[in-house]
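In what follows, a structure is listed as structure tokens, so that the remarks can point back to it.
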Amino acid sequence: AQKVTQAQTEISVVEKEDVTLDCVYETRDTTYYLFWYKQPPSGELVFLIRRNSFDEQNEISGRYSWNFQKSTSSFNFTITASQVVDSAVYFCALSEAIQGAQKLVFGQGTRLTINP
Amino acid sequence: GAVVSQHPSWVICKSGTSVKIECRSLDFQATTMFWYRQFPKQSLMLMATSNEGSKATYEQGVEKDKFLINHASLTLSTLTVTSAHPEDSSFYICSARDPLSFGEQFFGPGTRLTVL
């Protein structure tokens with residue numbers, strides 16, 4: 001069975017600090033996709049990134065970066081120079097197949113609060 | 001990017017009534033749509049997978065007679081909560097899979113249901 005674990009329930013930092021959100025996953029599939037979503041107070045999910053299981057290159061997008069390590073089944077997300085607007089709940093998710101039903105299994109979420 | 005809408009964005013109803021929530025893919029055809037439920041401060045849980053022209057596939061523990069799903073066209077899926085009770089109060093989110101975009105899921109803005 002697939003499982004996504006976000007051990008950090010809540011994180012609170014001061015603005016401009018760097019913060020890393022952890023994500024550990026379990027799957028028996030060799031082909032899978034990993035995602036990060038942001039959910040601001042409005043509730044709408046904002047897509048941040050998708051990474052397939054064959055691409056272990058780290059990715060950077062502005063202040064956001066992702067570290068994918070298959071050896072440890074982790075897909076961590078780092079925000080550098082955090083800002084108050086980054087405050088939200090962040091979800092890591094896993095999907096088992098891109099051609100099939102593509103069910104998404106979500107982690108429990110990490111509530112990030114950036115204090116001014 | 002692909003846009004998914006939901007209607008209504010929020011609804012308040014009396015216990016025992018039925019509520020219909022619509023999910024529409026606005027600029028693409030979605031053969032598959034998904035319905036998620038999110039209780040306060042919890043993660044998203046997949047309720048069912050809706051396939052155009054066929055019966056929905058429900059996740060374990062989700063009552064198919066209570067949560068009726070209809071996917072009558074390639075751009076519309078509806079979720080009807082029948083005989084709603086206060087414990088059905090939740091945030092319902094749909095997503096639509098775009099087969100032309102690596103099968104990626106695009107999420108609607110969600111519908112907040114409150115049953116009095």
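In what follows, chains are A, B, ... by sequence order, proteins preceding strands, each numbered from 1.
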Taking atom CD of A:Glu44 and atom CD of B:Gln6, what is their separation to the nearest 0.5 Å? 9.0 Å
Straight-line distance of B:Thr57 OG1 to A:Lys103 NZ, nearest 0.5 Å: 7.5 Å
Any side-chain to backbone donor/acceptor pair from B:Ser43 onto A:Gly107? Under 3.5 Å, distance only. yes
Find out if a path of hydrophobic residues (ILVMFWY) with successive side-chain heavy-atom gaps under 4.5 Å connects B:Val19 to B:Val62. yes
Is A:Ile60 atom CD1 crowded by more than 12 heavy atoms from other residues, nucleotides or ligands, each under 6.0 Å away? no
Are A:Phe47 and B:Phe106 an aromatic pair, judged by ring center distance below 6.0 Å? no
Atom pair CD/CZ of A:Gln39 and B:Phe91 - distance to nearest 0.5 Å: 6.5 Å
Within a 6.0 Å radius of atom CD on A:Gln57, are there more than 12 heavy atoms belonging to other residues, nucleotides or ligands? no
Any idea which of B:Ser9, B:Ser95, B:Pro109, B:Gly108 has the most non-hydrogen atom pairs under 4.5 angstrom with chain A? B:Pro109
What distance do A:Leu104 atom CG and B:Met45 atom CE have between them, rounded to the nearest 0.5 Å? 12.5 Å
Taking the side chain as everything from C-beta on, heavy atoms only, tell me whether A:Leu45 gets closer than 4.5 Å to B:Leu44. yes
Under 4.5 Å between side-chain heavy atoms, counting indirect links through other Ile/Leu/Val/Met/Phe/Trp/Tyr residues: same cluster for B:Met33 and B:Phe107 or not? no
I'd like to know whether NZ of B:Lys64 has more than 12 heavy-atom contacts from other residues, nucleotides or ligands below 6.0 angstrom. no
Do you know the tightest heavy-atom contact between B:Gln38 and A:Phe91? NE2-CZ, 3.5 Å
Nearest-0.5 Å distance, CD of residue B:Gln42 to CZ of residue A:Phe106: 14.0 Å
Looking at B:Lys14, I'd like to know if its NZ atom is crowded, meaning that more than 12 non-hydrogen atoms belonging to other residues, nucleotides or ligands lie closer than 6.0 Å. no
Among the clusters formed by ILVMFWY side chains lying less than 4.5 Å apart, do B:Val81 and B:Val11 turn up in the same one? yes
